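Chain naming here is simple, since letters A, B, ... match the order of the sequence lines and numbering starts at 1 in each. Treat the numbers as computed from the prediction; the structure is a model and nothing was measured.
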2 protein chains.
Amino acid sequence: MLHSASAQSAKIAATFHALGDPTRRVIVEKLCEQPQSASLLAAPLGITVAAVVQHLAILEQSGLIRSEKIGRIRTCRLEPSGLKTLEDWVSQRRTLWERRLDKLGEVLDEE
Amino acid sequence: MLHSASAQSAKIAATFHALGDPTRRVIVEKLCEQPQSASLLAAPLGITVAAVVQHLAILEQSGLIRSEKIGRIRTCRLEPSGLKTLEDWVSQRRTLWERRLDKLGEVLDEE
DNA sequence: TCAATACTTAAGCCAGCACTTGACAAACCA
DNA sequence: TGGTTTGTCAAGTGCTGGCTTAAGTATTGA
């Protein structure tokens, strides 16, 4: 399955933007351990639930988390494919960099 | 070699903050292919060299790039260990998440 | 049914950040 | 030596983004 380059870069942009904020990173780290409600996430963060909900929206848009509302409780959980997007980007950059070194090696060998 | 948890998290914070900006991501992507000077980086970005230099300082602080000034030219190159920091964070989260699933499986098996 | 809980939404505040301008310094070159 | 290139630094500007408050909706439980 192929994605357009722009779709991929849009997703990566959203992901990095989401994880660029320390509070959102803490949320993601908590959700790695177990799913939690919005108010449960807010408590240790020292910010209002309203603020947390705003963070959750950004995280959800980026695909890093998923949330489901049952009754009056919204339960959030990690979406592992979001981490995969990140992993792919990093390994792609790494590959590019290594390929460059390989080429450089070839040139040096020829001389 | 051990690093303190706070030192690691400070580095990760700097890395995510650095990559949270689209312009800085473009810079990193360019530097994956080849080292470049500040003005060379600025040209296709449509911003001033002064702005690029500010971005470079942030990227360098995060450990994602390294730069060296020879004559009047500052050459920037990728620092692969910066990408490694990122890779480590992701794989750590992934591991946490998988471990949770494993535990969940055990509990279900016991019942 | 009434109150408490859990979240949602909108509006506004303010600090931080990306960027510019302008003035400067150093290196290169004709 | 004078002009061009390349980068540095400081100050200022405008906008984004994280947060709050306040008012609302839906769900739950006594």
Legend entry - Donor-acceptor contact below 3.5 Å, side chain B/Arg24 vs main chain B/His17: yes
Inset, instruction - Just jot down the salt bridge (Lys or Arg N to Asp or Glu O under 4.0 Å) partners of B/Arg66, sequence neighbours excluded, or say none. - result: B/Glu79
Legend entry - Residues B/Ser67 and B/Glu60: side-chain donor-acceptor under 3.5 angstrom: yes
Inset, instruction - Just jot down the salt bridge (Lys or Arg N to Asp or Glu O under 4.0 Å) partners of B/Lys69, sequence neighbours excluded, or say none. - result: none
Inset, instruction - Using side-chain hydrogen bond (donor to acceptor under 3.5 Å, both in side chains) as the criterion, list what pairs up with B/Gln92, not counting sequence neighbours. - result: none
Legend entry - Residue pair A/Ser62 / A/Thr15: nearest heavy atoms and the distance that separates them: O-OG1, 3.8 Å
Inset, instruction - Give me the residues of residues 61-74 of chain B where at least one heavy atom lies under 4.0 Å from an atom of DNA chain C, by number, or none. - result: B/Gly71, B/Arg72
Let me check something: any side-chain donor-acceptor pairs from residues 25-40 of chain A under 3.5 Å, sequence neighbours excluded? List them with distances.
residue	atom	partner	partner atom	Å
A/Arg25	NH1	A/Leu19	O	2.8
A/Glu29	OE2	B/Trp89	NE1	3.1
A/Ser37	OG	A/Leu40	N	3.2

Inset, instruction - Determine, for nucleotides 11-17 of chain D in 5'-to-3' order, which nucleotides have protein heavy atoms under 4.0 Å from the base (write B), from only the sugar-phosphate (write S), or from neither (write -). - result: B-----S
Inset, instruction - Mind checking side chain to side chain contact (heavy atoms under 4.5 Å, CB included) for A/Gln61 and listing every partner two or more places apart, or none if nothing turns up? - result: none
Inset, instruction - Just jot down the side-chain hydrogen bond (donor to acceptor under 3.5 Å, both in side chains) partners of B/Thr85, sequence neighbours excluded, or say none. - result: none
Inset, instruction - Would you jot down, in residue-number order, the residues of residues 30-45 of chain A having a non-hydrogen atom under 4.0 Å from DNA chain D? - result: none
Legend entry - Counterpart residues, side-chain hydrogen bond (donor to acceptor under 3.5 Å, both in side chains), relative to B/Gln54 (two or more places apart): none
Inset, instruction - Check every nucleotide of DNA chain C for an atom under 4.0 Å from a heavy-atom of chain B, then give the first and the last such nucleotide from 5' to 3'. - result: C/dA18 to C/dC28
Legend entry - Results of side chain to side chain contact (heavy atoms under 4.5 Å, CB included) for B/Ala42 - residues two or more places apart only: B/Val49, B/Val52
Legend entry - Distance, nearest 0.5 Å, that separates CG of B/Leu41 from NE2 of B/His55: 11.0 Å
